[in-house]
Amino acid sequence: MVFYSTRSEKLTAGSARAVLTGIAPDGGLYTPLDFESMRVDIQKLLPLDSAQLFAEVIAGILPDFGEDAIRRLVPEAYSCKFETEDLTPLTKVGGAYVLELFRGPTSAFKDVALSVLPRLISLAREQQRINEEILILTATSGDTGKAALEGFRDVPGTRIIVFYPEGGVSDTQQMQMVTQQGGNVRVCAVKGNFDDAQTGVKQIYADDSASGWAKAAGARLSSANSINIGRLAPQAAYYFKAYCDLVRAGAIENGEKINFAVPTGNFGNILAGEFARRMGLPIEKLICASNANNVLTDFINTGVYDRRRPFFRTASPSMDILVSSNLERYLLLAGGSFGLVDTLMRELREKGCYRVPDPVMVKMRGHFSAGWADDGMALETIGRVWREHKYLLDPHTAVAWNVMEQFNARGGNGLKTVVLSTASPYKFSRDVLSAVSEKRPVTGFEAMKLLRDVTGVPIPSNLAGLNGLKPRFTDCVDKTQMLAYVKEALKG
Ligand SMILES: *Cc1c(COP(=O)(O)O)cnc(C)c1O
């Protein structure tokens with residue numbers, strides 16, 4: 001498979017190099033264009049169990065790793081890590097279906113991809129005959145850090161350091177990270193906000209490119225965030241899995257079109273759906289759901305992307321994003337021109353906004369429908385869906401549910417819709433509890449217990465088990481000290 005930088009036809013890589021480097025040298029994102037060769041025959045997926053089905057789809061996107069290697073690696077990656085054999089269960093709720101992507105080790109949808117990515121990186125390291133250890137640096141606003149720590153824990157040939165903003169993640173998320181097990185992990189707080197941590201990590205990469213200190217210390221830096229194509233491949237798989245579940249249950253005929261409603265931040269989750277469509281999955285609309293940071297709603301409805309707007313901290317923090325990195329890949333797929341993407345990304349950097357040409361706009365309106373819901377609407381939705389269907393949504397999933405309802409209220413298209421559920425409600429116990437009860441707890445753990453008492457929904461064991469664990473990591477550095485911290489860690 002050839003992956004192209006979104007900004008230049010000349011910068012290409014195979015699967016192993018694309019996964020190892022994460023980002024192309026010109027700042028573009030590695031993207032496949034030959035979807036015809038990745039076509040999946042749904043009839044052949046129907047008899048497979050979940051791990052086998054995931055392996056087929058991932059092998060289709062990353063064929064040059066070797067199909068046998070992928071067929072071995074994927075079931076190993078998921079083995080005994082998820083609450084259900086099924087990995088990503090599909091549940092009927094009212095007139096729609098919820099695809100539960102949060103049954104993994106950290107109760108967030110990022111587990112689905114971050115269980116596989118470390119093993120792909122490990123395999124790529126072997127295939128490229130790299131002797132150095134791969135060092136993953138991650139800045140996190142909460143979910144990615146924990147899922148990456150759990151995914152890379154004790155994976156041979158890799159190490160990981162996660163930076164989180166001090167006081168900038170929820171109590172539960174902080175406890176999840178600082179109690180992480182594994183011999184190759186470090187967690188460090190940064191005095192600053194998420195942007196400071198993210199900028200710090202970018203500066204560390206740039207500093208290493210300039211002077212090569214990592215290599216001298218026997219390491220090579222790499223990235224686990226959603227610009228890595230190794231994260232998109234497993235995400236495309238669960239779209240196929242959901243579709244097969246519907247066919248197997250007799251809810252649809254093979255070939256019948258359906259919609260997916262997707263809570264969106266960095267545009268990675270929903271872009272994987274666009275990949276699935278191009279690989280032959282009968283998708284009519286991908287419904288792009290945003291919170292009050294509704295830059296994507298405006299973009300899909302008007303063709304103008306404008307990041308110059310206020311930033312809101314919301315009850316769905318993983319969608320609090322104004323620059324959706326993966327959108328760049330869609331622009332290449334819909335616009336078909338590297339030059340166009342390069343120009344638009346420069347306009348975004350320099351002016352903070354861009355407008356796509358009309359033909360791109362027309363394609364985009366065909367593929368996506370967009371809407372948004374603020375915190376009030378999301379919490380109202382959690383309460384109502386709980387009362388009517390006894391199903392408990394987290395705030396991210398509630399945004400997608402609400403936007404699906406708006407789509408149907410405008411007339412919809414009469415097709416079945418699958419709502420992607422991206423987090424356990426217990427990761428956001430306080431807000432979810434406030435939507436279903438009058439009780440007002442003091443601590444995060446109290447909120448978790450009360451939510452269980454009120455709803456009877458079991459607390460995922462990884463979250464229940466946090467209470468009483470002792471923190472392993474108490475490091476905290478100034479944002480200017482992150483580089484020194486990494487260099488010091490490499491010595492140890
Ligand atoms: C990361 C995340 C999202 C958004 O996914 P993107 O790929 O960034 O669009 C939505 N919900 C939750 C809970 C997440 O952790």
Side-chain angles (χ1 to χ4, degrees), residues 29 88 98-114 117 138-151 164 169-170 172-173 176-177 194 198 224-236 238-239 260-276 286-297 299-300 314-330 368 370 372-373 375 378 382 392-403 419-429 431-432 460 463:
L29 310 187
T88 58
V98 174
L99 179 63
E100 298 180 345
L101 301 173
F102 59 82
R103 299 290 183 185
T106 79
S107 301
F109 101 96
K110 290 177 175 75
D111 287 328
V112 181
L114 282 166
L117 179 70
T138 301
T140 185
S141 58
D143 279 351
T144 302
K146 176 62 185 182
L149 286 164
E150 196 55 43
Y164 69 93
V169 300
S170 79
T172 308
Q173 287 171 323
Q176 280 188 295
M177 288 190 279
F194 170 66
Q198 169 124 310
N225 74 22
S226 72
I227 56 176
N228 195 315
I229 190 72
R231 270 185 65 175
L232 282 180
Q235 291 179 189
Y238 51 68
Y239 285 87
F260 287 91
V262 189
T264 306
N266 229 348
F267 212 73
N269 197 2
I270 196 165
L271 182 76
E274 184 56 30
F275 276 25
L286 290 166
I287 300 170
C288 177
S290 301
N291 61 26
N293 296 295
N294 55 5
V295 61
L296 285 166
T297 314
F299 175 59
I300 290 169
T314 74
S316 43
S318 299
M319 298 157 71
D320 291 346
I321 287 180
L322 291 181
V323 179
S324 301
S325 316
N326 274 291
L327 185 60
E328 179 169 352
R329 286 189 162 115
Y330 178 74
F368 301 101
W372 66 286
D375 282 356
I382 292 172
L392 199 60
L393 301 169
D394 96 284
H396 302 75
T397 311
V399 167
W401 184 282
N402 186 286
V403 172
V419 178
L420 269 52
S421 177
T422 48
S424 161
Y426 283 104
K427 273 197 124 166
F428 307 94
S429 299
D431 283 328
V432 174
L463 298 179

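Nothing here was measured: the structure is a model prediction, and the numbers come from that model. Just so you know, ligand 1 is whichever comes first in the structure, and atom 1 is the first atom listed for that ligand.
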Notebook entry, point to check: Mind checking whether Gly268 has an N or O less than 3.5 Å away from an N or O of ligand 1?
Noted result: yes
Item checked: Subset of ligand 1 atoms that lie under 4.0 Å from at least one heavy atom of Phe109 -> 1 (C), 2 (C), 3 (C), 5 (O), 7 (O), 14 (C)
Item checked: Among Leu271, Val399, Asn269, side chain to side chain contact (heavy atoms under 4.5 Å, CB included) partner for Val262 -> Asn269
Notebook entry, point to check: Phe299 versus Asn294: any side-chain heavy-atom pair under 4.5 Å?
Noted result: no
Next item on the list: Under 4.0 Å from a heavy atom of Ala423: give me the atoms of ligand 1 that qualify, with their elements.
Entry: 13 (C)
Check: Does any donor atom in the side chain of Thr138 or Thr140 lie under 3.5 Å from an acceptor atom in the other side chain?
Finding: no
Next item on the list: Check ligand 1 against Thr264 and write out every atom of the ligand that is under 4.0 Å from a heavy-atom position of the residue.
Entry: 9 (O)
Check: Would you say Ala108 touches ligand 1, if touching means a heavy atom closer than 4.0 Å?
Finding: no
Margin query: Among all the protein's non-hydrogen atoms, which is closest to atom 7 (O) of ligand 1, and how far away is it?
Written below: Asn269 N, 2.9 Å
Notebook entry, point to check: Which is closest to atom 9 (O) of ligand 1 by heavy-atom distance: Ala272, Gly265, Ala289?
Noted result: Gly265
Next item on the list: Step through it carefully: locate the ring centre of Phe267, locate the ring centre of Phe368, and say whether they are under 6.0 Å apart.
Entry: yes
Next item on the list: Could you check atom 12 (C) of ligand 1 against the protein and tell me its nearest heavy-atom contact, residue, atom and distance included?
Entry: Thr422 OG1, 3.4 Å
Checklist line | Polar contact flag for Asn266 and ligand 1 (N/O pairs, less than 3.5 Å) | finding: yes
Next item on the list: Using modelled atom types only, decide if a donor and an acceptor are shared between the side chain of Asp375 and the backbone of Ala315 within a distance under 3.5 Å.
Entry: yes
Check: Hey, what's the ring geometry for Phe260 with Tyr239, parallel, tilted or perpendicular (30° and 60° as the breaks)?
Finding: perpendicular
Next item on the list: Could you check Asn326 against Asn266 for side chain to side chain donor-acceptor pair (under 3.5 Å), going step by step and ending with a plain yes or no?
Entry: CA-CA 6 Å; Asn326 274 291; Asn266 229 348; 5.4 Å; no
Notebook entry, point to check: Is the ring centre of Phe109 less than 6.0 Å from the ring centre of His396?
Noted result: no
Next item on the list: Pick one of side chain, backbone, both or neither for how Lys110 approaches ligand 1, counting any non-hydrogen atom pair under 4.0 Å.
Entry: side chain
Check: Hey, is Phe267 touching ligand 1 through its side chain, its backbone, both or neither, going by heavy atoms under 4.0 Å?
Finding: backbone
Note to self: Please classify the Asp143 to ligand 1 contact at 4.0 Å (heavy-atom distances, strictly less than): side chain, backbone, both or neither.
What the structure shows: side chain
Next item on the list: Using a strict 4.0 Å threshold on nitrogen-to-oxygen distance, state whether Asp111 and Arg103 make a salt bridge.
Entry: no
Next item on the list: Any atoms of ligand 1 less than 4.0 Å from a non-hydrogen atom of Pro263? List them with their elements.
Entry: 4 (C), 10 (C)
